[in-house]
2 protein chains.
Amino acid sequence: MAAETTRAAAEALDRADPLARERDRFVVADDDLIYLDGNSLGRLPVRAAAAVERMVHDGWGRDLIGGWVRWLTYPEEVGDRLGAAFLGAAPGQVVVGDSTTVNLYKLASAALDARPDRRALVVPAGEFPTDRYVLEGLAAPRGLDVRLVPAGADVVDALDADVAVLCLSMVDYRSGAVVDVAAITAAARHVGATVVWDLSHAVGAVPIELDRWGVELATGCSYKFLNGGPGAPAWLYVRSDVQHLRSPIWGWFGQREQFAMGPAYDPEPGIRRWLAGTPTVIALAAVDAAVADLAEIGIEALRAKGTALTTYAIDLADARLAGHGVTVATPRLPHRRGAHVALAHPAARELSRRLIDEHGVVPDFREPDLLRLGLAPAYTRFTDVWDGIDALAVLLAGGAAAP
Amino acid sequence: MAAETTRAAAEALDRADPLARERDRFVVADDDLIYLDGNSLGRLPVRAAAAVERMVHDGWGRDLIGGWVRWLTYPEEVGDRLGAAFLGAAPGQVVVGDSTTVNLYKLASAALDARPDRRALVVPAGEFPTDRYVLEGLAAPRGLDVRLVPAGADVVDALDADVAVLCLSMVDYRSGAVVDVAAITAAARHVGATVVWDLSHAVGAVPIELDRWGVELATGCSYKFLNGGPGAPAWLYVRSDVQHLRSPIWGWFGQREQFAMGPAYDPEPGIRRWLAGTPTVIALAAVDAAVADLAEIGIEALRAKGTALTTYAIDLADARLAGHGVTVATPRLPHRRGAHVALAHPAARELSRRLIDEHGVVPDFREPDLLRLGLAPAYTRFTDVWDGIDALAVLLAGGAAAP
């Protein structure tokens, strides 16, 4: 389809956007900055800033140790709220805490230990690095094989009766491609393998129904589309019927009767056993507020806007950038992609730098040749997309430096 | 020695206290609250509150993804500053991140993997629970023995050529007793075992010289005497010559050329390989500011004041509480204790509750019979000690409930 490529058309789309006012939920320190990197670090919600300040002054400063009466259960409470709003998870299956990496380690390790008879782990060769490294680190001391699924191949074809664990993202961090979580989970179950889902680039961008899809284990970060802040604690989902699995990290926050400080580890029966150490309360407050804020918009509205933004970005890239050698590396079927768009060009690194330095447009760059445009639905305007792609067109017309 | 037991004497001690003004560094929301729990959660430094606000608004809100140019190395930078001020650690050996539990897991796991020929781990039966649980969790799948050293026994006597790892606190979380880190480290080395030191109750309270003492591996939390905030990221020390050991959690923050996102895990040669996932930047800002603030007072002055406070508390307890059946469970030699004092009484639980509810005095309670008084040197006044012990004497004279 031929896009209407004028800025006036983008302005009209913004005027017609039912989520246009949602941008006011966020601190926009520099309204001239075209921020297209909400898939790396989401903007600061006004409510999250207030929540942090309240937690620091009223919680830490005033309540002091007394605050722990509330905070002991805070990781589960934020988890339940996140689960209900964005994960399709019934209560008691999600906790917020630790990093995505540490959570991947806990989940993959537990899944491996449950299948000591099996010798293989499967992960796409192009999976997000930390996922691959975590699996490598688990496989090496156990002498297991990590099967790297090459680009373009179907991960399901790599599954067989020797596979203990498959680790996979729902939304690919590079292309934005979405896979069918329910189908892959079922295929893995069919051969007796467990999938550890990484939903970092999906949560807050696409509807997720973990319970309905039959997912057993999942984790994801909170600082991308969830806007939980830089390095925000990640979340972890363990379906209620597999919570008997054991995290390798036995910590006091997973202990039944934690303050009895008993002689032996005796973990909580439920999701709490997946906690390890003391949760970072101030950072949790930011995640809590950010999730509550985004939940008011609702994932259906966010998804609709996200799809409109990515569709618009792809159409505009086709119209204005294809002639300069830019190709769209993101699936063209709307339901097959998340809320970011990847554009391939040999000079992507240089283009990314010049977009930031010369045009105040912030995309990100991924080796070797990708520009990612993260189009966070809650605050990204159609004019942001237009301005970003226009700047790119200007740079390319002027001749970007060779790669 | 007979203590001068009047409140006027405590007031005189406060007037003569060279650190009296340091209390102004902290937010004191309720000046009537007698806070004797700085060993559980340190007070909020004014500078930490400001640093968090700056990080939220200027870092996250304004710099957005651009902030990561600075934050990528933040865990090491805060680690170096903490190491110089409070750990006796030369640069490049400390990172701040993850919880104490996760760090204990990383260190003990790495130490175990370095000695696959050995079958035993040693930990005091009365060690802080999470330390014991972490070791149990490492031992169970490997079929190793955890030797629990009974109260009163010398951990060194439990060491032999079959021991891979000893895990131990420098300052006991219950009694406040200090052990000789250098001597125990040397004894362990003599039999080829590695000590993982937990310095949670020591750091910021007693002088620590990790490099000089020959320590190889240590961790500790940042939310007690360091005042880093509830659940603040912990720190981790790995001596430069043993950094080739491998953390079991292979994550992208430990990867050389992190953003090349290469095909295989290839860890940084230095302390960065001990990082795992994305660090919690907002919480790091609080630790950074809190440590910098406390460093201005200096550990020698803090130690002197801490010793004076604990000496005063013990003298006052002897004079006013011994007749009510309270015994001091903390070593009487000043250099053998940290900055908290434990008082044993059968009704400690009830006394703790009533101190809080009826007297606005906040100690903490540890099963089965201990009241802990945390006397954080930076902000605790001699009159706080007097008021706390006076309230306890009043309760006991009125007849505390039976246990």
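Throughout, protein chains are lettered first and strands after them, A, B, ... in sequence-line order, and every chain is numbered starting at 1.
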Using a cut-off of under 4.5 Å on heavy-atom pairs, state which of [options] scores highest against chain B.
options: A:Y133, A:W68, A:Y35; value: A:Y133
options: A:G38, A:A264, A:P263, A:G67; value: A:A264
options: A:T100, A:D37, A:L135, A:T130; value: A:T130

Task: Euclidean distance, B:E136 CD relative to A:Y265 OH, rounded to 0.5 Å - done: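 Interatomic distance, A:Y265 OH to B:E136 CD, rounded to 0.5 Å: 9.5 Å.
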
Open item on the list: For the CD1 atom of B:I282 and the CD1 atom of A:I282, what is their distance to the nearest 0.5 Å?
Closed with: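 Rounded to the nearest 0.5 Å, the CD1-CD1 separation comes to 9.0 Å.
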
Side-chain ([X]) to main-chain ([Y]) donor-acceptor, under 3.5 angstrom:
X: B:R62; Y: A:D30; result: no
X: A:T280; Y: B:A232; result: no
X: A:R132; Y: B:M261; result: yes
X: A:E367; Y: B:A260; result: no

Task: B:Y105 vs A:Y105, side-chain contact (heavy atoms from CB on, under 4.5 Å): CA-CA, chis, key distance, verdict - done: CA-CA 12 Å; B:Y105 178 84; A:Y105 178 85; 2.6 Å; yes

Under 4.5 Å from a heavy atom of chain B, the part of [X] involved:
X: A:V134; value: both
X: A:E127; value: neither
X: A:V56; value: both
X: A:R366; value: side chain

Can you find a pair of side-chain heavy atoms, one from [X] and one from [Y], that are under 4.5 Å apart?
X: A:T278; Y: B:Y223; value: yes
X: B:W60; Y: A:L44; value: yes
X: A:L64; Y: B:L33; value: yes

Heavy-atom pairs under 4.5 Å with chain A - which of [options] has more of them than the others?
options: B:A29, B:G42, B:G229, B:A49; answer: B:G229
options: B:F253, B:Y173, B:F26; answer: B:Y173
options: B:P230, B:P233, B:G137, B:G254; answer: B:P230
options: B:D58, B:D63, B:V281, B:V27; answer: B:V281
options: B:S99, B:S109, B:A286, B:G59; answer: B:S99
options: B:P248, B:S40, B:A283; answer: B:P248

TODO: Classify the ring geometry between A:F128 and B:W252 as parallel (under 30°), tilted (30 to 60°) or perpendicular (over 60°).
DONE: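 Correct class here is perpendicular.
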
TODO: Give the intermediate values and the outcome of side-chain contact (heavy atoms from CB on, under 4.5 Å) for residues B:L36 and A:I65.
DONE: CA-CA 10 Å; B:L36 303 177; A:I65 195 69; over 6 Å; no

Task: CA sep, side-chain torsions, deciding dist, call: B:L41, A:W71, side-chain contact (heavy atoms from CB on, under 4.5 Å) - done: CA-CA 13 Å; B:L41 175 61; A:W71 305 331; 4.1 Å; yes

